[in-house]
Structure formats: structure tokens, C-alpha cells
Amino acid sequence: MTEEKPLFKTPYDIKDVSALFAIVAFVLIIAAIVGNNLFGIFQQNVNFG
């Protein structure tokens with residue numbers, strides 16, 4: 001009478017998740033490199049006492 005549903009049914013494809021994770025990781029790496037370079041330029045131009 002009652003249909004048994006699987007407890008953990010994946011509503012997503014593992015390839016989509018891995019591609020999205022790769023894109024996010026790539027963007028974070030680029031942002032970290034650019035931010036680090038900009039902070040280095042900022043430290044060179046501003047005299048901290």
C-alpha cells in the first residue's frame with residue numbers, strides 16, 4: 001500500500017557537483033592570488049610606522 005522510497009536519493013548528478021566544486025575552487029584560488037598581490041603592493045606603498 002505505501003511505496004518505499006530510498007532514504008538517500010540523490011537529486012543531483014555527481015559530475016555536476018564535481019564541476020561546480022572545481023569552478024568554485026578555481027575562483028577562490030584566483031581571488032587569493034590577486035588579493036595577496038594587491039596586499040603586497042599596499043604594504044610597499046604605505047609606511048606602517
Quiz item: How is the hydrophobic cluster of Leu28 composed, in terms of its other members, when Ile, Leu, Val, Met, Phe, Trp and Tyr link through side-chain heavy atoms under 4.5 Å apart, directly or indirectly?
Solution: Val24
Quiz item: Remaining members of Phe21's ILVMFWY cluster at a side-chain heavy-atom cut-off under 4.5 Å?
Solution: none
Quiz prompt | Sequence-distant partners of Leu38, side chain to side chain contact (heavy atoms under 4.5 Å, CB included), two or more places apart | solution = Val34
Self-check item: Within one Ile-Leu-Val-Met-Phe-Trp-Tyr cluster: Phe39 and Val46, side-chain cutoff 4.5 Å
Solution: yes
Quiz item: Transitive ILVMFWY cluster of Ile33 at side-chain heavy atoms under 4.5 Å: who else is in it?
Solution: Ile29
